[in-house]
Amino acid sequence: MSNPQPQDRTVSQQDRTASPQNGTAHPIRRRIGLAALAILAVIGIGYVGYVNLWLPSRPLDVSHLRIDITSTTSTTTTTGNTSDTTTDATAGNATGVMTGSPLTKARLNDGATAIVNHYQDLHGCAIDRIAYDGRRSHAELQSEQRMAAKSPDSASTVASAISEYGIGHVADFQMDFTCRVPASGFGKGTTQGYNVWLAYAPTNPNADHGWVFIDSGY
């Protein structure tokens with residue numbers, strides 16, 4: 001009787017590669033997993049850099065700025081390089097706006113430019129709209145005058161500017177802007193109807209496009 005031959009225990013190279021016990025199982029899958037982790041790490045670092053470095057230092061965005069000027073006689077809407085003007089036949093002395101005011105449409109547009117320049121440090125934000133309504137502005141300025149007359153010791157900076165430059169040279173603009181991150185004391189999000197008071201004083205050495213910044217707020 002012949003002796004039984006021992007079973008061939010030779011394991012092929014392919015079997016060793018596929019064996020989970022040898023510590024090298026599924027190398028392609030491992031490489032894919034490591035590559036995915038590396039990509040996620042790069043995305044995470046990029047996002048952190050975008051939020052913490054780029055957004056806070058991003059220059060003020062005025063690429064979609066809309067300028068609405070409603071003077072005593074006409075309404076002008078400017079977006080980019082286009083403008084549309086319509087006549088307001090009801091405006092005039094009945095609104096309380098002084099005839100012969102130096103606040104022409106061209107100068108009021110210069111005022112909007114001065115506002116943009118003033119807020120250049122509003123990094124990470126975009127100014128969406130700057131508006132001037134002659135009737136509303138004059139009514140607000142008259143209110144400031146009345147309050148100052150009642151309480152002279154608590155007169156606002158706006159009332160002081162009216163006394164210095166004359167009510168016909170002071171304008172109350174409104175600004176809408178959106179911040180992607182907290183900036184210059186403003187929180188993240190959209191702020192609407194933020195008042196910016198300017199005085200038209202072209203001879204003032206601090207004037208920008210003929211305008212002097214007075215104050216801002218609600």
Side-chain angles (χ1 to χ4, degrees), residues 50-51 53-86 97 101-141 144 156-158 160-162 164-218:
Y50 175 75
V51 172
L53 298 177
W54 166 240
L55 282 182
S57 61
R58 178 184 176 184
L60 176 68
D61 182 9
V62 292
S63 60
H64 296 90
L65 171 62
R66 176 186 175 93
I67 299 174
D68 294 332
I69 303 296
T70 306
S71 63
T72 58
T73 57
S74 62
T75 301
T76 301
T77 300
T78 303
T79 304
N81 295 322
T82 62
S83 63
D84 178 68
T85 304
T86 57
V97 180
S101 169
L103 305 187
T104 62
K105 288 180 293 184
R107 289 171 178 170
L108 290 166
N109 273 302
D110 286 342
T113 300
I115 291 173
V116 170
N117 292 340
H118 182 80
Y119 284 100
Q120 282 299 312
D121 62 345
L122 207 59
H123 299 298
C125 302
I127 298 181
D128 307 311
R129 179 174 179 260
I130 295 176
Y132 172 83
D133 184 325
R135 298 179 182 181
R136 190 199 68 81
S137 174
H138 195 72
E140 293 293 329
L141 297 178
E144 292 285 344
S156 66
T157 54
V158 177
S160 299
I162 293 172
E164 180 177 357
Y165 299 106
I167 194 170
H169 288 73
V170 179
D172 181 3
F173 292 83
Q174 288 189 307
M175 180 172 69
D176 301 341
F177 56 94
T178 302
C179 293
R180 298 289 299 276
V181 293
S184 299
F186 297 104
K188 180 180 178 181
T190 298
T191 300
Q192 294 182 317
Y194 189 74
N195 293 290
V196 182
W197 291 275
L198 304 179
Y200 183 71
T203 60
N204 190 305
N206 297 319
D208 179 5
H209 287 74
W211 292 87
V212 176
F213 178 83
I214 299 172
D215 205 348
S216 61
Y218 285 108

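Predicted model only: the values in this text are computed from it and were never measured.
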**Message:** Please enumerate all residues that pass side chain to side chain donor-acceptor pair (under 3.5 Å) together with Asp133, with sequence neighbours excluded.
**Reply:** none
**Item:** Interatomic spacing from CG in Asn204 to OH in Tyr165 - rounded to 0.5 Å
**Value:** 4.5 Å
**Fill in**
Note: Ala171 and Leu103 closest approach over all heavy atoms is CB-CD1, 4.1 Å
**Request:** Go through Thr157 and Trp197 one step at a time and tell me if the side-chain contact (heavy atoms from CB on, under 4.5 Å) criterion holds.
**Result:** CA-CA 9 Å; Thr157 54; Trp197 291 275; over 6 Å; no
**Flag side-chain contact, heavy atom, 4.5 Å: Glu140 against Val158** = no
**Prompt:** So, for Pro102 and Gly168, which heavy atoms are closest and what is the spacing to 0.1 Å?
**Reply:** CD-O, 3.4 Å
**Asked** For Arg135 and Thr70, what are the C-alpha separation, side-chain angles and deciding distance, and is it a side-chain contact (heavy atoms from CB on, under 4.5 Å)?
**Response** CA-CA 8 Å; Arg135 298 179 182 181; Thr70 306; over 6 Å; no
**Prompt:** What are the two closest non-hydrogen atoms of Phe177 and Leu122, and how far apart are they?
**Reply:** CD1-CD2, 4.0 Å
**Set of residues satisfying salt bridge (Lys or Arg N to Asp or Glu O under 4.0 Å) with respect to Asp110, sequence neighbours excluded** = none
**Asked** Do you know the tightest heavy-atom contact between Ala112 and Phe173?
**Response** N-CE2, 4.3 Å
Which atom pairs, one a donor and one an acceptor, fall under 3.5 Å between side chains of residues 186-194 and the rest of the protein, sequence neighbours left out?
from: Thr190; atom 1: OG1; to: Thr178; atom 2: OG1; distance (Å): 3.0
from: Tyr194; atom 1: OH; to: Ser216; atom 2: OG; distance (Å): 3.2

**Fill in**
Residues passing the salt bridge (Lys or Arg N to Asp or Glu O under 4.0 Å) test with Asp176, sequence neighbours excluded, are Arg129
**Request:** Could you tell me the separation between the CZ atom of Arg58 and the CZ atom of Arg180, rounded to the nearest 0.5 Å?
**Result:** 6.5 Å
**Asked** Which residue pairs satisfy the disulfide bond (SG atoms under 2.5 Å apart) criterion with at least one member in residues 183-218, sequence neighbours excluded?
**Response** none
**Prompt:** Measuring from Asn109:CG to Ile67:CD1, what's the distance to the nearest 0.5 Å?
**Reply:** 5.5 Å
**Request:** Show your working on side-chain contact (heavy atoms from CB on, under 4.5 Å) between Leu108 and Trp211 and close with a plain yes or no.
**Result:** CA-CA 9 Å; Leu108 290 166; Trp211 292 87; 4.1 Å; yes
**Message:** With rounding to the nearest 0.5 angstrom, report the CG to CZ distance, Leu198 to Arg107.
**Reply:** 14.5 Å
**Message:** Please find the pair of heavy atoms, one from Leu60 and one from Val116, that lie closest to each other, and give the distance.
**Reply:** CD2-O, 3.9 Å
**Request:** Please report the shortest heavy-atom distance between Ala207 and Ala201, naming the atom on each side.
**Result:** CB-O, 3.4 Å
**Message:** Rounded to the nearest 0.5 Å, what separates atom SG in Cys179 from atom NE2 in His123?
**Reply:** 11.5 Å
**Asked** What is the ring orientation for His118 with Phe213, classed by angle as parallel under 30°, tilted 30 to 60°, or perpendicular over 60°?
**Response** parallel
**Any residue meeting salt bridge (Lys or Arg N to Asp or Glu O under 4.0 Å) with Asp208, in chain and number order, not counting sequence neighbours** = none
**Asked** To the nearest 0.5 Å, how far apart are NE2 in His64 and CG in Asp128?
**Response** 10.0 Å
**Request:** Could you check whether the rings of His169 and Tyr200 sit parallel, tilted or perpendicular, using 30° and 60° as the cut-offs?
**Result:** parallel
